[in-house]
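So that the names make sense, note that chain A is the first sequence line, chain B the second, and so on, each numbered from 1.
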There are 2 protein chains.
Amino acid sequence: MKKQEILFAEAETRMCSRGVKPTAVRLLVFSALQMAARPVSVADLETCLQTVDKSTIFRTLTLFLEHHLIHGIEDGSGSVKYELCHGEWDCSVRDMHLHFFCEHCHRTFCFKDMPIPEVDLPEGFAMRGVNFVIKGLCPDCADK
Amino acid sequence: MKKQEILFAEAETRMCSRGVKPTAVRLLVFSALQMAARPVSVADLETCLQTVDKSTIFRTLTLFLEHHLIHGIEDGSGSVKYELCHGEWDCSVRDMHLHFFCEHCHRTFCFKDMPIPEVDLPEGFAMRGVNFVIKGLCPDCADK
DNA sequence: TTGATTTTGCAACCTGATTGCAGAAATCTT
DNA sequence: AAGATTTCTGCAATCAGGTTGCAAAATCAA
C-alpha cells in the first residue's frame, strides 16, 4: 500500500469516527494537513491543492473544526493556521501544545512536546480553548 | 487638579520618557487607554474619540507599540486589542499577563495578577514577545 | 430513474488593517 | 517675524483574509 493510500485510509477512519462524511475534497484537505510539517493557512492549502476552491477549503476547515478534527492557531500573522488534532477524543487544552511564530520568516513552529501550562482561572470563568503563541526569531533567522 | 489633567500629565511624562512627542491627539489616545477597563480595538477608540480619524489612531498605536508604551493582544476576535504597558522599562514578557476572551459577549478581560508562565524554548529560538489568550465563557455569559 | 439533499466552485461582499497624498500644524532658520 | 522645512493628521483609496449567496454538480434515497 502506498503512502498516499495509507494517509487516505487514516483520514477516512478519523473523519467517520467524528461523523464527517469523507468526500474526495475532504480527503485531499485532510491529507494535506497530515503531510504538513507545520500549521498551514487557507492560502497555503490553496497553493498545494490547486484544484480546490478557497471557499471549499474554508468550509471544509470550518467543518473539521466543529468536529474537533483540527484546531486553529492565531499566530498574529493575519491568517489563521490549522493543524490536525492528535488527541484521541477531543481538542481539549490537554491535547494542545505551544507554537512559535518567527517574526522574520513568518513560519509557525509546533513545539509538540510542550503542553500548554495549566492555569487557574478566577471564579466563574469557563475555559473552552486556548491560544498560546511565542513570538521571536527562529534559529534560521536568529542573526538577522 | 482634575482627573483628566492628572491623566494627561502622566501620559505626557510617559511619552517623553520613551521619546514620543506628546501631541494633542496622542494625549487623547493615551488617556483613552488609561481609562479603559479592558483592552481596546481601533474601532473602540474610534467610537470614543469621535474627532480623531481611524488612520491617525492606527498610526498612533503603531508608534506607541514601537516605543513600548503599549502592547497588542490578538484575542482571535479579528481585531487586535491594545493596552498600556505598565512595566517600568519595556514590554517584556515579565510585564505581561493572561487575557481571557469571552466567546459569547466578545469582551477581552485582563488577568493582571496572572503572569505568563515561563517557558524553556528549544536551542536557537529567541523569544521577543508572547500572546497567551484563554477562550471560553465569562461569568456573565456562563449560563448561555 | 426521479426527486431531495449535500457538496462544491465562482463571484461578490465584508471588515479590519494599511497606505498615498495633500493640507494643517509645529519646528527651525535666518 | 517671515519663509522654509519637517512632522502630524484627515480623507479616500487600497489590500488581504474571511465569509456568504447562489447555482451547478455530485451524492443519496425511494
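- Note: CG (A:L63) to P (D:dG18) measures 17 Å, nearest angstrom.
- A donor-acceptor pair is defined here as one N or O able to donate and one able to accept, closer than 3.5 Å; no such pair exists between the side chain of B:H71 and the backbone of B:H68.
- Taking atom CE of residue A:M15 and atom P of nucleotide C:dT6, one finds them 18 Å apart after rounding to whole Å.
- Looking at B:H67, its side chain does come within 3.5 Å of a backbone N or O of B:R18 through a donor-acceptor pair.
- Considering only side-chain atoms of A:T56, the nucleotide from C:dG9, C:dT7, D:dT9 that sits closest is C:dG9.
- Between the side chains of A:H97 and A:H99, at least one donor N or O sits under 3.5 Å from an acceptor N or O.
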*Per-nucleotide protein contact string for nucleotides 24-30 of chain D (B base, S sugar-phosphate only, - none; heavy atom under 4.0 Å)*: -------
_Nucleic acid footprint by protein, nucleotides 12-21 of chain C - heavy-atom cut-off 4.0 Å, B for base, S for sugar-phosphate alone_ = ----SBBBBB
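- For the pair B:E74 CD and D:dG18 P, the computed distance is 13 Å after rounding to whole Å.
- A salt bridge does not link B:K81 to B:D44: none of the charged side-chain nitrogens sits closer than 4.0 Å to a carboxylate oxygen.
- A cation-pi arrangement is absent between B:R14 and B:F30 under the rule of less than 6.0 angstrom and at most 45 degrees off the ring axis.
- Residue A:L27 contributes atom CG, which lies 13 Å from atom C1' of C:dT7 at whole-angstrom precision.
- In this structure, NE2 of A:H67 is placed 14 Å from C1' of C:dT7, rounded to the nearest angstrom.
- Here D:dG10 presents its P atom at 11 Å from CZ of B:R26, a figure rounded to the nearest Å.
- Between the P atom of D:dA16 and the CG atom of A:D44 lies a distance of 15 Å, rounded to the nearest Å.
- Between B:F125 and A:F100, the angle of the ring planes goes over 60°, which puts this pair in the perpendicular group of the 30/60° scheme.
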*asked:* Run B:M114 and A:V119 through side chain to side chain contact (heavy atoms under 4.5 Å, CB included) and show every step you take.
replied: CA-CA 9 Å; B:M114 297 179 72; A:V119 294; 4.2 Å; yes
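- Taking the six-membered ring for Trp, B:Y82 and B:F64 have ring centres at least 6.0 Å apart.
- For B:K135 and A:E74, the salt-bridge test passes: some basic side-chain N is under 4.0 Å from an acidic carboxylate O.
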